[in-house]
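Residue numbering restarts at 1 for every chain, and letters A, B, ... go by the order of the sequence lines.
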There are 2 protein chains.
Amino acid sequence: MTGFDRGADGVPQHGGNEIPALAPRQLEAYFALQEGASLLQQQIEQHLRTEGDLSLVQFHILMRLRNGTPTTMTELADGIVHSRSGLTYQAGLLEKSGLITRAPSPDDERATLVTLTDKGRTTIATVLPGHVQVVRRLLFDLLPDEDLDDLGRIMGRVRDHIRAEPPRSRGSRAT
Amino acid sequence: MTGFDRGADGVPQHGGNEIPALAPRQLEAYFALQEGASLLQQQIEQHLRTEGDLSLVQFHILMRLRNGTPTTMTELADGIVHSRSGLTYQAGLLEKSGLITRAPSPDDERATLVTLTDKGRTTIATVLPGHVQVVRRLLFDLLPDEDLDDLGRIMGRVRDHIRAEPPRSRGSRAT
DNA sequence: TATTGTTATACTCTATAACTATA
DNA sequence: TATAGTTATAGAGTATAACAATA
């Protein structure tokens, strides 16, 4: 993860180019973000798989159902998985494992209402403490409160900005 | 991505539990990091795929070879892909596309030296400006210099900490 | 006609284990 | 024996398009 254009003195070069390279400070932040977030996610996924036999997506689905409110597939798909078929696949696995149930909605016969089962709730209760431990150990124990606030503010801004962006070279938002 | 344990007033609850839930500020930072980094990566991957027909891993491999130094598979594998077979697969794709070449090392006949081809170099030159544009648009244009430095410092710390951790419940480091 | 969801299908990617060849 | 790399294989996950049912 090195080698972006820059001179020997660390200053970006752009002779006749239109798009100058990133500044060293930008590179550093970019790489640190990508690698740090990636490593963190890997550890989290490993824990969820080991302790609860869950993928990260499945964990997100369960967490979303946690308040007890039956939720449609479309609502679940928003922000978790890109395609609806992908969600159908994951929900199928969760249902096969007995962690959720699916039933037609009374309001709209087209819709499927997904509900967390007792077993699903138990699974969350089993996995969540360790999950929190992992995040705490790898993230929060390292960061003073000020850094915590900065991180939340900065990445919240990034998240909101990308979410608000019009989809680039894509047909529509809903897939 | 909501629903972690907390009371109605936003304060973590832990009646008789051993592991208290995360504080709201922690949750916020955690979610913002996960979602922000994930969205950013998705956009980057989409660009690389669209403009250069490259996966993120392939892009990383090319970037790593960019200084012209022939590199062994093991050296490449460090930090890019988890398993060696995974790297063999990706390198196979890159070689088939003519972006790299593989040849036995003169020093160690067991080792494979990977070298960037002219076509590979051209591909990087084609993709990199747009890549930089994407990162700039989605990340740097949003952040004042101070935030940039904070982000790099914080995530650099997270990265280094996780990297330094002993592997949890895993046989060995090299897979 | 539009929307909800599923299915069939193909594809990408990853990991494990067995294997070859060299050190 | 240990290491570098490949291969065979299996499995997880995703997306696209076609489809059925309902609004």
Side-chain angles (χ1 to χ4, degrees), chain A residues 38 41-42 45-46 48-50 52-61 70-97 100-115 167 169-175, chain B residues 38 41-42 45-46 48-50 52-61 70-97 100-115 167 169-175:
Chain A
S38 171
Q41 183 166 313
Q42 282 171 28
E45 285 182 333
Q46 188 191 326
L48 290 174
R49 181 59 70 187
T50 303
D53 198 33
L54 291 174
S55 71
L56 188 59
V57 172
Q58 289 164 7
F59 178 67
H60 286 163
I61 293 175
T71 308
T72 66
M73 295 292 284
T74 296
E75 285 165 349
L76 279 180
D78 287 344
I80 289 188
V81 148
H82 296 150
S83 64
R84 275 171 314 177
S85 66
L87 182 65
T88 296
Y89 171 76
Q90 294 290 346
L93 293 181
L94 288 173
E95 190 174 42
K96 206 187 311 178
S97 304
I100 64 169
T101 56
R102 283 185 287 186
S105 166
D107 303 334
D108 184 340
E109 290 275 335
R110 295 172 304 178
T112 296
L113 284 181
V114 183
T115 311
S169 70
R170 269 239 161 181
S172 94
R173 183 165 296 272
T175 56
Chain B
S38 171
Q41 184 166 314
Q42 283 171 27
E45 286 182 332
Q46 188 189 326
L48 291 174
R49 180 61 70 190
T50 304
D53 199 32
L54 291 174
S55 70
L56 188 58
V57 173
Q58 289 164 6
F59 178 66
H60 286 164
I61 293 175
T71 308
T72 67
M73 295 292 285
T74 296
E75 287 165 348
L76 279 180
D78 286 345
I80 289 187
V81 148
H82 296 151
S83 65
R84 275 172 314 176
S85 66
L87 181 64
T88 296
Y89 170 76
Q90 292 291 343
L93 292 181
L94 288 173
E95 191 174 42
K96 206 187 312 178
S97 304
I100 65 170
T101 56
R102 282 185 287 185
S105 165
D107 302 335
D108 185 340
E109 291 276 335
R110 294 171 304 179
T112 297
L113 285 181
V114 184
T115 311
S169 70
R170 268 240 162 180
S172 94
R173 183 165 296 273
T175 56

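- A residue-by-residue look at A:D107 and B:T71 shows that B:T71 has its nearest nucleotide of DNA chain D further toward the 5' end.
- Mapped onto DNA chain D by nearest heavy atom, A:L54 and A:P106 fall at different nucleotides, with A:L54 at the one closer to the 5' end.
- Atoms CG and CD, from B:D107 and B:E109 in turn, are 9.5 Å apart once rounded to the nearest 0.5 Å.
- Note that CD of B:Q58 and CD1 of B:I80 are 11.0 Å apart. Values are rounded to the nearest 0.5 Å.
- Taking 3.5 Å as the limit, the base of D:dT3 and the side chain of B:T74 contain no donor-acceptor pair of atoms between them.
- A donor-acceptor contact under 3.5 Å is formed by the side chain of A:R84 with the base of C:dG5.
- Contact check of residues 86-96 of chain B against DNA chain C (heavy atom, cut-off under 4.0 Å) returns B:Y89, B:Q90, B:L93.
- Considering only side-chain N and O atoms, B:H82 lies nowhere under 4.0 angstrom from the phosphate OP1 or OP2 of C:dT14.
- Distance, A:R110 CZ to C:dT1 C1': 11 Å, rounded to whole Å.
- Rounded to an integer number of Å, the gap from CD1 of B:I80 to P of D:dG5 is 13 Å.
- The nucleotide whose nearest atom lies closest to any side-chain atom of B:S55 is, among C:dC13, D:dA21, C:dG5, C:dC13.
- Counting distance only, with no hydrogens placed and no angle test, the side-chain atoms of B:T112 and the base atoms of D:dA4 include no donor-acceptor pair under 3.5 Å.
- Evaluation of atom-type donor-acceptor distances gives a pair under 3.5 Å for the side chain of A:S85 against the base of D:dT16.
- Going from atom OG1 of A:T115 over to atom CD of A:E95 covers 10.0 Å, rounded to the nearest 0.5 Å.
- Note: CD (A:E45) to P (C:dA15) measures 11 Å, nearest angstrom.
- The shortest non-hydrogen separation linking B:T72 to B:A111 is CG2-CB, 4.1 Å.
- The CG atom of B:D53 sits 10.0 Å away from atom CG of B:L93, with the distance rounded to the nearest 0.5 Å.
- At least one side-chain heavy atom of A:R102 sits less than 4.5 Å from a side-chain heavy atom of A:T88.
- The distance between atom NE2 of B:H60 and atom C1' of C:dC13, rounded to the nearest whole Å, is 16 Å.
- Atom CG of B:L113 and atom P of D:dA4 are 13 Å apart (whole Å).
- No contact: A:S105 has no heavy atom under 4.0 Å from any strand.
- Taking atom CE of residue A:M73 and atom P of nucleotide C:dT7, one finds them 10 Å apart after rounding to whole Å.
- We find that CG of B:L76 is positioned 9 Å from P of D:dG5, with the value rounded to whole Å.
- With a 4.5 Å cut-off on side-chain heavy atoms, A:L87 and A:I61 count as touching.
- When the nucleotides C:dA15, C:dC13, D:dG13 are ranked by their closest atom to the side chain of A:Q58, D:dG13 comes out on top.
- Spacing between atom CG of B:L56 and atom P of C:dT12 amounts to 17 Å, rounded to whole angstrom units.
- None of A:I100, A:T101, A:T112, A:L113 except one satisfies the side chain to side chain contact (heavy atoms under 4.5 Å, CB included) rule with A:P70; the exception is A:L113.
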